[in-house]
Amino acid sequence: MAHRSAPPPAHVCAAFGVAAATAEPLPGGRAWRCGGIVLQPVTDRAHAVWLARTLAALDVPDLRVARPVRATDGRSLIGGWRANHYVSGTPEPRPDDVVLTALKLHQATAGLPPPDRRPGPADITAAADRIAWDERDHQLDETKGGRWFEILAPARKPVRLPDQLVHCELFGNVLFDGDAPPGIVDFVPCLRPAEYGAAVAAVDAVAWGDAGAELLRRWSHLPEWPQLLLRAVLFRLAFHALHPRSTAAALDGLRAAASEVSELL
């Protein structure tokens, strides 16, 4: 179970123009809704500043983006808290819509700058990404995904697509609310080809969202799709092998996804 953060202090709520008494926890353990805004504690100030700048710059007509809210004095961070406009909805098993959301989002992020700082050694997402793209060597635990990584990695071929800012954690993080456009409330960045975010979302849906292999084939018209799917599987296998709380059930799903992707190579 996710650890529930303490509610935002009264002075933080006042700075963002809301009442502390209205704060109600949102699923996930850290964010609190106060009327039309959501307050969340910040653990990485530099990333929070970058995230506010990035979400503010996104303009995608077919998506609802949780734009940042500035405090009454113009600051984006107050007392270790940031604020965004509330975006309604919940994750739903709509894998094709998530893939399409990824494509639309990454059309809009093509010209946006990446984070200013380099990831630290404890950033498992960044480490797994570099291992998957053969930019870093690492001995992965065979029992936690390393064996499948070794089997699939030799199938890597050069991907000749330009890198750009990509959200690599869209599965389970796109919000749906009836007929409203999909909602985006966060951004986990990497610098990869635009279609890579869609590939990761598709692999995640097959591994853990009960999507069938036909999902992978329906999007096969995308450029370099088999190689991007391969990188996505390698990314997830490396992440699973590196993460201290990875589970056998999650690896079972990854094995299934890896098997389906191997059929397309």
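Remember, it's a predicted structure, so these values are computed and weren't measured experimentally.
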Measure the shortest side-chain to side-chain distance between Leu237 and Leu140 over non-hydrogen atoms and say whether it is less than 4.5 angstrom.
no

How far apart are the closest heavy atoms of Pro114 and Leu191, and which atoms are they?
CB-CD2, 3.8 Å

Which pair of non-hydrogen atoms, one from Gly79 and one from Val12, has the smallest distance, and what is that distance?
CA-CG2, 4.5 Å

Tracing side-chain links under 4.5 Å among I, L, V, M, F, W and Y, which residues wind up in one group with Val188?
none

side-chain contact (heavy atoms from CB on, under 4.5 Å), that's the test. Do Ile37 and Phe16 meet it? Break it down for me.
CA-CA 9 Å; Ile37 75 169; Phe16 285 109; 3.8 Å; yes

How far does CG of Asp186 sit from CG of Asn84, to the nearest 0.5 angstrom?
8.0 Å

Do Ile124 and Val233 sit in the same hydrophobic cluster, where Ile, Leu, Val, Met, Phe, Trp and Tyr count as joined when their side-chain heavy atoms come under 4.5 Å apart?
yes

Could you list the cluster mates of Leu175? Members are the ILVMFWY residues connected by side-chain heavy atoms closer than 4.5 Å, either directly or through other members.
Val87, Val185

Are any side-chain N or O atoms of Asp123 and backbone N or O atoms of Ala126, one a donor and one an acceptor, separated by less than 3.5 Å?
yes

Besides Val42, the hydrophobic cluster formed by Ile, Leu, Val, Met, Phe, Trp and Tyr side chains linked at under 4.5 Å, directly or via other members, contains Val49, Leu77

Provide the full list of salt bridge (Lys or Arg N to Asp or Glu O under 4.0 Å) pairs with a residue in residues 191-205, sequence neighbours left out, each pair given once.
Asp129-Arg192, Glu135-Arg192, Asp204-Arg236

To the nearest 0.5 Å, tell me how far Leu265 CG sits from Arg156 CZ.
12.0 Å

With side chains defined as the heavy atoms from C-beta onward, is the minimum distance between His138 and Leu242 less than 4.5 Å?
yes

Listed partners of Ala10 passing side chain to side chain contact (heavy atoms under 4.5 Å, CB included), at least two apart
Ala20

Minimum-distance pair of heavy atoms, taken over all atoms of Ser262 and Ser259
OG-O, 2.6 Å

With a 4.5 Å cut-off on side-chain heavy-atom distances among I, L, V, M, F, W and Y, is there a chain of contacts connecting Val203 to Val200?
no

Is Leu105 linked to Leu51 within one hydrophobic cluster, defined over Ile, Leu, Val, Met, Phe, Trp and Tyr using a side-chain heavy-atom separation of less than 4.5 Å?
yes

Does any part of the side chain of Leu234, heavy atoms only, come nearer than 4.5 Å to the side chain of Ile131, both counted from C-beta?
no

Return each pair, listed once, that meets ring pair (Phe, Tyr, Trp, His ring centres under 6.0 Å) where at least one residue sits in residues 235-265; pairs must be two or more places apart or across chains.
Phe239-His243

State which residues pass ring pair (Phe, Tyr, Trp, His ring centres under 6.0 Å) with Trp81; sequence neighbours excluded, sorted by chain then number.
none

Is there side-chain contact between Pro8 and Cys13, with heavy atoms separated by less than 4.5 Å?
yes

Quick one, Leu229 with Leu216, criterion side-chain contact (heavy atoms from CB on, under 4.5 Å). Give me CA distance, side-chain angles, the key distance, then yes/no.
CA-CA 8 Å; Leu229 289 174; Leu216 307 180; 4.0 Å; yes

In one Ile/Leu/Val/Met/Phe/Trp/Tyr side-chain cluster, 4.5 Å: Val166, Leu112
no

Going by the ring pair (Phe, Tyr, Trp, His ring centres under 6.0 Å) test, which pairs reach into residues 147-176, not counting sequence neighbours?
His167-Phe187

If only atom types and distance count, is the side chain of Arg67 paired as donor or acceptor with the main-chain N or O of Leu55 below 3.5 Å?
yes

So does Gly253 get a backbone contact from the side chain of Trp208, meaning a donor-acceptor N/O pair under 3.5 Å?
no

Using a strict 4.0 Å threshold on nitrogen-to-oxygen distance, state whether Asp97 and Arg94 make a salt bridge.
yes

I need the minimum non-hydrogen distance between Ala102 and Leu170, along with the two atoms involved.
CB-CD1, 3.5 Å

Any Ser88 side-chain heavy atom under 4.5 Å of Arg64 side chain
yes

Would you say Thr101 and Ile184 make side-chain contact, with heavy atoms under 4.5 Å?
yes

His85 meets the ring pair (Phe, Tyr, Trp, His ring centres under 6.0 Å) criterion, sequence neighbours left out, with none

Could you name each residue pair satisfying side chain to side chain donor-acceptor pair (under 3.5 Å) that touches residues 68-78, not counting sequence neighbours?
Asp73-Arg75

In the structure I gave you, are the side-chain heavy atoms of Leu39 and Cys34 within less than 4.5 Å of one another anywhere?
yes

Pairing of Arg147 and Glu150 as salt bridge, 4.0 angstrom limit:
yes

For Glu260 versus Ala213, what's the shortest heavy-atom pair and its separation?
OE1-CB, 3.1 Å

For the CD atom of Gln164 and the SG atom of Cys190, what is their distance to the nearest 0.5 Å?
9.5 Å

Please answer: with hydrophobic residues joined when any side-chain heavy atoms are less than 4.5 Å apart, are Leu58 and Leu103 in the same cluster?
no

Of all heavy-atom pairs between Pro182 and Val174, which one has the smallest distance, and what is that distance?
CB-CG1, 3.6 Å

With salt bridge (Lys or Arg N to Asp or Glu O under 4.0 Å) as the rule and sequence neighbours excluded, what pairs involving residues 45-60 come up?
Arg53-Asp116

For the backbone of Leu165 and the side chain of Thr109, can you confirm whether one donor and one acceptor N or O come within less than 3.5 Å of each other?
yes

Those residues that, when tested against Val159, pass side chain to side chain contact (heavy atoms under 4.5 Å, CB included) (two or more places apart)
Trp133, Leu161, Pro193, Glu224, Gln227, Leu228, Arg231

Evaluate the side-chain proximity of Pro223 to Arg160: yes if any heavy-atom separation is below 4.5 Å, no if none is.
no

